[in-house]
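Being a predicted model, the structure only gives us computed values, none of them experimental. The first residue of the sequence shown is numbered 1, and numbering continues consecutively from there.
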Amino acid sequence: MFQSTPVPGRQKRLKEVTPLPSEIIPLKGEVSNRGLFLMKLRLVRESIRWRLIFATACTMFIALFLTGWVLQRLFHDHVTQQFAQALEIRLDQVTAGLETDADGTPRIDPDQLTDPLWQQPYSGLYWQVDRIKPADQTTNDAQIGLLRSRSLWDVTLALSPDVLADGRTHQHMIPGPNHQTLMALERAVDTDESDGNQWRLIVAANMASVDQAVAGFSGLLALSLGILFALLMLAAILQIHVGLAPLHRLRVALRQIRHGKAQQLSGHYPQEVQPLVDDFNQVLNRNTEIVSRSRSQAGNLAHAIKTPLTVLQQAGELALQAPETQELAKLLLEQVEIAGRQVNWHLARSRAVAAGVPGHVTPLAPVLASLTRAMKMVYAERGIEIDWEPPPPTTVFAGEIQDLQEMLGNLLDNACKWAKSRVAIETACQLTELVIDIGDDGSGILPEAVDSALLRGVRLDESTPGSGLGLSIAAELATLYRGKLEFSSSPTLGGLQARLILPTVPAGSARSFEHHP
């Protein structure tokens, strides 16, 4: 615990420290769409829940898509086959009605074809009769459209060249009138009056009804599969939620340890998670044992060394009174003082071994109240006034009470030692950080002396009693807790201001620590 001597002339001030975490600078502009996409992608990549949901959704989508495609093809083939069978019945009707005159001219009695669609122009149902050569020749030499239905009006059906066996039926997809797509069935027949020629009978029908049926089925199938996909995803999400629930409970239990509500993981977990919980509890127990043993051994060793050092100091003081042994006594006392500093340093570090061990929290208000009372008593002769407002009960330090007392005690003692008449303490809780400012109205410290102030065993003013360990111990303890100690000029009192930044817990979690011992 130390501070520099007053500086002649104008007092130099340090630069103001970095603003508190709550003083957030507003961001200019908005996050780009690409940034949002990358954030979502990172969320999916790093979350087990979203990985499972994404993998399940992809798998179900592919499976249902293939299922829908197969069902749609099966329905299309079935409807097409039924359409072809109905068309073949009509071809049989046309074949049964085919007759030839004595001169071999073909004719079909219209009374045998009773469907009114045969008579309606471009109705979508057509028949036609062609004359072709024998079956071993192609239909390129055919006489097209010798007879045709009234529904064809002035259009003839043109089929691709084909070789027809007698009585066999061939199926074609051809264009029809009014941009219709037709399914055509053709059949070659012989008559006694054909003079070696064959008659090709063609029956064709519009495929629009098939396309409409398939389109209607496809829409209904897509809607059904979409609903099924949504229900399956809902079931999958519910299953994932139930499956990952133990991990959520484990996370809550770990948060309770971090906030000091528990010392170990508690509760019952599935057999896949329970071994992890048991091993983690064993690690916590082992860590606690090691910390306790290390503290005990370091403390015992330090106290064991202090006794002979005290004897040596007393012997040196006696030897200092004799003129012939003064030089030796001075050397002895100097080395005893150095050894005492080392013992005090390592004893303080032994108390900081448990810094950051989970399960410890300390309310700030009682510690400050106790330290301020003690400092007022110690510096009662100088009349030092300590101004401070008790922080809310929910303001806590995420660590052990001994370490908090060590840090605040050294800083407060240093401020009272160098203050003229006043010391001010201000506290603020910012998110996960506890900020404590301790300022005085003393002479301050030179900027170039700040780094030296935190060196172990260094005193900037050798005329002032002390070991030079207080601030360095406070700084190292803060570092062990992932905090920091900063110095600047006090904006209100003009002297030195020490800012101690330490970890805390959220206000909602700290309510249960109001009466923490």
Residues that Thr95 engages under side-chain hydrogen bond (donor to acceptor under 3.5 Å, both in side chains), provided they are two or more places apart: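 Partners of Thr95 under the side-chain hydrogen bond (donor to acceptor under 3.5 Å, both in side chains) test: Arg187.
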To the nearest 0.5 Å, how far apart are CZ in Arg200 and CD1 in Ile132?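 Arg200 atom CZ to Ile132 atom CD1 measures 6.0 Å (nearest 0.5 Å).
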For Asp77, enumerate each residue passing the side-chain hydrogen bond (donor to acceptor under 3.5 Å, both in side chains) test, keeping only those at least two apart in sequence or located in another chain.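 Not a single residue meets the side-chain hydrogen bond (donor to acceptor under 3.5 Å, both in side chains) criterion with Asp77.
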Yes or no on side-chain contact (heavy atoms from CB on, under 4.5 Å) for Leu157 and Leu182, after CA distance, side-chain angles and deciding distance? CA-CA 10 Å; Leu157 301 177; Leu182 306 178; 3.9 Å; yes
Tyr126 and side chain to side chain donor-acceptor pair (under 3.5 Å): which partner among Gln180, Arg150, Arg148?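 Exactly one option meets the side chain to side chain donor-acceptor pair (under 3.5 Å) with Tyr126, and it is Gln180.
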Once ring-ring contact (aromatic ring centres under 6.0 Å, His included) is applied, do any residues pair with Phe397, and if so which ones, sequence neighbours excluded?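 Checked Phe397 against ring-ring contact (aromatic ring centres under 6.0 Å, His included); matches are Tyr481.
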Provide the full list of salt bridge (Lys or Arg N to Asp or Glu O under 4.0 Å) pairs with a residue in residues 112-125, sequence neighbours left out, each pair given once.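 Residue pairs passing salt bridge (Lys or Arg N to Asp or Glu O under 4.0 Å), neighbours aside: Arg90-Asp115.
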Stepwise, does the side-chain contact (heavy atoms from CB on, under 4.5 Å) test hold for Leu250 with Leu276? CA-CA 10 Å; Leu250 180 61; Leu276 175 63; 4.2 Å; yes
Tell me whether Glu426 at atom CD has more than 12 heavy atoms from other residues, nucleotides or ligands lying less than 6.0 Å away.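 Counting neighbours around CD of Glu426, 12 or fewer heavy atoms of other residues, nucleotides or ligands fall under 6.0 Å, so no.
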Suppose we screen for ring-ring contact (aromatic ring centres under 6.0 Å, His included). Which residues come up paired with Phe65, at least two apart in sequence or across chains?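 Listed in chain order: nothing, the list is empty.
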Can you list every pair that meets ring-ring contact (aromatic ring centres under 6.0 Å, His included) and has a residue in residues 223-254, with sequence neighbours left out?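 Residue pairs passing ring-ring contact (aromatic ring centres under 6.0 Å, His included), neighbours aside: none found.
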List the residues meeting side-chain hydrogen bond (donor to acceptor under 3.5 Å, both in side chains) with Asn178, not counting sequence neighbours, and say none if there are none.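 Expected list: none.
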Taking Asn410 for the side chain and Glu406 for the main chain, is one N or O donor matched with an acceptor at less than 3.5 Å?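 A pair under 3.5 Å: yes.
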Quick one: list whatever passes ring-ring contact (aromatic ring centres under 6.0 Å, His included) with Phe61, sequence neighbours left out.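 Phe61 satisfies ring-ring contact (aromatic ring centres under 6.0 Å, His included) with no other residue.
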Say whether, by atom type as modelled, one donor and one acceptor occur between the side chain of Tyr122 and the main chain of Gln120 under 3.5 angstrom.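 Side chain of Tyr122 to backbone of Gln120, a donor-acceptor pair under 3.5 Å: no, none is there.
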Separation between CE of Met183 and CG of Leu87, rounded to the nearest 0.5 Å: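 It comes to 7.0 Å.
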Determine whether more than 12 heavy atoms belonging to other residues, nucleotides or ligands lie under 6.0 Å from atom CD of Gln85.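 It does: Gln85 CD has more than 12 such atoms within range.
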How many angstroms lie between atom CG of Leu411 and atom CG of Leu496, to the nearest 0.5 angstrom?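 So the CG of Leu411 and the CG of Leu496 are separated by 9.0 Å.
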Exercise answer: donor-acceptor pairs, residues 201-215 side-chain atoms, under 3.5 Å, sequence neighbours excluded:
| unit_1 | atom_1 | unit_2 | atom_2 | d |
| --- | --- | --- | --- | --- |
| Asn206 | OD1 | Ala208 | N | 3.2 |

Stepwise side-chain contact (heavy atoms from CB on, under 4.5 Å) check, Thr504 with Thr395: CA-CA 8 Å; Thr504 185; Thr395 303; 5.6 Å; no
Provide the full list of side chain to side chain donor-acceptor pair (under 3.5 Å) pairs with a residue in residues 264-278, sequence neighbours left out, each pair given once.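 Pairs touching residues 264-278 that pass the test: Gln264-Asn285, Gln274-Asp278.
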For the pair Arg499 and Ser488, evaluate side-chain contact (heavy atoms from CB on, under 4.5 Å) and give the outcome as yes or no after the intermediate values. CA-CA 8 Å; Arg499 169 166 291 181; Ser488 66; over 6 Å; no
So which pairs with a foot in residues 76-116 pass ring-ring contact (aromatic ring centres under 6.0 Å, His included), sequence neighbours left out?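 Listed by first then second residue: nothing to list.
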Counting N and O atoms only, with roles assigned by atom type, does the side chain of Ser151 sit under 3.5 Å from a partner on the main chain of Leu125, one being a donor and the other an acceptor?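 Yes.
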State which residues pass side-chain hydrogen bond (donor to acceptor under 3.5 Å, both in side chains) with Arg249; sequence neighbours excluded, sorted by chain then number.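 Testing Arg249 for side-chain hydrogen bond (donor to acceptor under 3.5 Å, both in side chains), a comparison that skips the adjacent residues, returns none.
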Give a yes or no on this: more than 12 heavy atoms of other residues, nucleotides or ligands lie within 6.0 Å of atom CD of Gln239.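 Incorrect, the count does not exceed 12.
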Rounded to the nearest 0.5 Å, what separation is found between the CD1 atom of Ile108 and the CH2 atom of Trp127?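 Going from CD1 on Ile108 over to CH2 on Trp127, the span is 4.0 Å.
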Rounded at 0.5 Å granularity, tell me how far NE2 in His170 sits from OG in Ser160.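 Those atoms lie 10.5 Å apart.
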Any sub-3.5 Å donor-acceptor pair from Gln198's side-chain atoms to Ala188's backbone N or O?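 Not at all, since once roles are kept as given, no pair shorter than 3.5 Å links the two residues.
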Any donor and acceptor pair, going by atom type alone, linking the side chain of Thr362 with main-chain N or O of Gly399 inside 3.5 Å?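 Yes, the answer is positive, given that a donor and an acceptor are paired below the 3.5 Å cut-off.
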To the nearest 0.5 Å, how far apart are CD1 in Ile425 and OG1 in Thr427?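 With rounding to 0.5 Å, CD1 (Ile425) is 9.0 Å from OG1 (Thr427).
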